Number of protein chains: 2
Amino acid sequence: MAGKSGAGGTDGRGAAGGAPPAPSLWERLERPAPAPRPAALSPARIAAAAVALADAEGLEAVTMRRLAADLGVAPMAAYRYVSGKDELIALMVDFVHGEMELPDGTEDWRKVMRAVGLRTRALMLKHPWTVRADHFSLTPNQFAVTERALTALGGLGLDADTMMAVFRTVSAYVHGAVGSEVGLSLMMRKRGWRTGDEAREGLAPEMTWLMNTGRYPATHQYLTEARRKDDAEWRFELGLDCVLDGVAARLGI
Amino acid sequence: MAGKSGAGGTDGRGAAGGAPPAPSLWERLERPAPAPRPAALSPARIAAAAVALADAEGLEAVTMRRLAADLGVAPMAAYRYVSGKDELIALMVDFVHGEMELPDGTEDWRKVMRAVGLRTRALMLKHPWTVRADHFSLTPNQFAVTERALTALGGLGLDADTMMAVFRTVSAYVHGAVGSEVGLSLMMRKRGWRTGDEAREGLAPEMTWLMNTGRYPATHQYLTEARRKDDAEWRFELGLDCVLDGVAARLGI
DNA sequence: AGCGGATGTGTACATCGTATCCATGGCGTA
DNA sequence: TACGCCATGGATACGATGTACACATCCGCT
């Protein structure tokens, strides 16, 4: 299904000659107002509204119709600016990465990577829906993050592949860790639990049954002995520091 | 929406007395055949069919109707076994984790964690849709993985919180890394690209425009210099080894 | 003055998840 | 042996979603 619109390229539309190669989403995003006409809609306005909606009510509330309603516009109006919902979400992901401030200056690579990790986590906790949205890291503001990391990794004698591998390793950890953190918090919100204790209480029947199978003694022991089950920040930073330690050690930087 | 069906608990249905506390999905999964009657459907059969479908045509092809058709059954039939699509997906995630063989024996913690990481990656590459499915790690077969990791981490003088933090750190890296790997490959499949070169060719217009903004010199340099852009396995194992190095170093194990 | 293209509107359709009610048939009990 | 019950699956239907398509409108340019 679909697939027809984007790929074809030279459909017979534009007389002869060469149809312009369909400007990319990011190209369109930057044209302040493609026409001199002060259009009511714009990619940026659409992105802002969609992000506000997703932040407030979750990604599942972001519906083309609901978005249009929030923008005071007809359901199909946004389709002049995004080719479909996929592009909408790409726009949203890019938009929120725009508000991430990157560490500047000539700091130590490790401080930069750590700061990027912490700020990425903050960003994702603030916009939990980013977890469900695909991120191929192909949007301008995501490239800006990559760019900052790569510059911090320059001048250390690493080849291009290794520099990128380091960034992606740290990135993978951050996305994975925040992903599970957010996953849990989304589940809690969906079921109406506000605290860790409430969640454990709500999960208790299922957990009790599972633990009573006797198959998970170590896990059961964890459940009874652990005292920092709700300290996500401690866990995240410990893990991040481990990752950075490992990168430094293995690559000798 | 919804939410009405699961929560209520004691609806007036069962005369007086105490209604049984609604057996969990996992409890139902294990009853070989809840009734003596040889039912055509079962959670396991449903899970197997759904997984086969998702493997073959992607998670978006897994529709209650399509699943029913594959099972040779009416669209609503599966609802006798799962409360809704969320539970279906939980069942699928659990099902595929059941085929993961865990390292046995009394091996070194590091070997175990590394093996678990590699096998998890293999599992996720084989079933790419697991990336989009939420994983709170709350299904029996996911607990089995956690259990194996925790036992490998025992006897090292770590407290319960730290042991779990280690497992979750490695796990976060693995899920993050494979997540982006799979994300890329899903995008490639969606756009019909089969090789890395095809993908780069297809992405070229967008990338060229982005790089021509001059904002990403380091990224641009990476694109021209890198020689292992398609070596996902190298990248994954390098990152995994970094993470394990860091854990070992920081925790002195 | 009037034309053309960019912008937003209205209507419509296939498809999705799932609530609800109905038919059936094998088992335990009498 | 006969009966009735409940687990099982079928049928129908509803509201919501993404989006294709054709139409109306209004600006700035010639």
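Labels below follow one simple rule: chain letters A, B, ... track the order of the sequence lines, proteins then strands, and each chain is numbered from 1. Computed from a predicted model, the values in this text were never measured in an experiment.
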A.B. asks: Does B/Y79 put a side-chain nitrogen or oxygen below 4.0 Å from OP1 or OP2 of D/dT8?
C.D. replies: no
A.B. asks: Heavy-atom distance under 4.5 Å between the side chains of A/V51 and A/H127, does that happen here?
C.D. replies: yes
A.B. asks: Which residues within residues 53-67 of chain B lie with some heavy atom under 4.0 Å of an atom in DNA chain C?
C.D. replies: B/V62, B/T63, B/M64, B/R65
A.B. asks: In the structure I gave you, are the side-chain heavy atoms of A/M100 and A/R148 within less than 4.5 Å of one another anywhere?
C.D. replies: no
A.B. asks: Under the 3.5 angstrom rule, does the side chain of B/R119 hit a backbone N or O of B/E101 as a donor-acceptor pair?
C.D. replies: yes
A.B. asks: Identify whether the distance between the nearest side-chain nitrogen and carboxylate oxygen of A/R200 and A/D230 falls below 4.0 Å.
C.D. replies: yes
A.B. asks: Charged N to carboxylate O below 4.0 Å: is that the case for B/E60 and B/K190?
C.D. replies: no
A.B. asks: Which of the following nucleotides, C/dG8, C/dC16, C/dT9, is nearest to the side chain of A/Y81?
C.D. replies: C/dG8
A.B. asks: Take atom CG of A/D86 and atom P of D/dG18, then tell me their distance rounded to the nearest Å.
C.D. replies: 11 Å
A.B. asks: In plain terms, say whether B/E181 and B/R235 are close enough for a salt bridge, that is, a side-chain N and a carboxylate O under 4.0 Å apart.
C.D. replies: no
A.B. asks: Starting at CD of B/E87 and ending at P of C/dT18, how long is that distance when rounded to a whole Å?
C.D. replies: 11 Å
A.B. asks: Looking at B/R121 and B/V178, would you say the former's side chain and the latter's main chain have a donor-acceptor pair under 3.5 Å?
C.D. replies: no
A.B. asks: Can you tell me how far P of D/dT8 sits from CZ of B/R28, to the nearest Å?
C.D. replies: 12 Å
A.B. asks: If the helix axis at each end comes from five base pairs, how far does the helix from C/dA1-D/dT30 to C/dA30-D/dT1 deviate from straight, to 10°?
C.D. replies: 10°
A.B. asks: Whole Å only: how far is the CG atom of A/L71 from the C1' atom of C/dT9?
C.D. replies: 15 Å
A.B. asks: Which one, D/dC23, C/dG10, C/dA19, comes nearest to the side chain of B/M76?
C.D. replies: C/dA19
A.B. asks: With heavy-atom distances below 4.5 Å as the criterion, would you say the side chains of A/W129 and A/R132 are in contact?
C.D. replies: no
A.B. asks: Can you work out whether B/R80 or A/A77 has the more 5'-proximal nearest nucleotide on DNA chain C?
C.D. replies: A/A77
A.B. asks: Check A/E57 with A/R66, please: is the shortest side-chain N to carboxylate O separation under 4.0 Å?
C.D. replies: yes
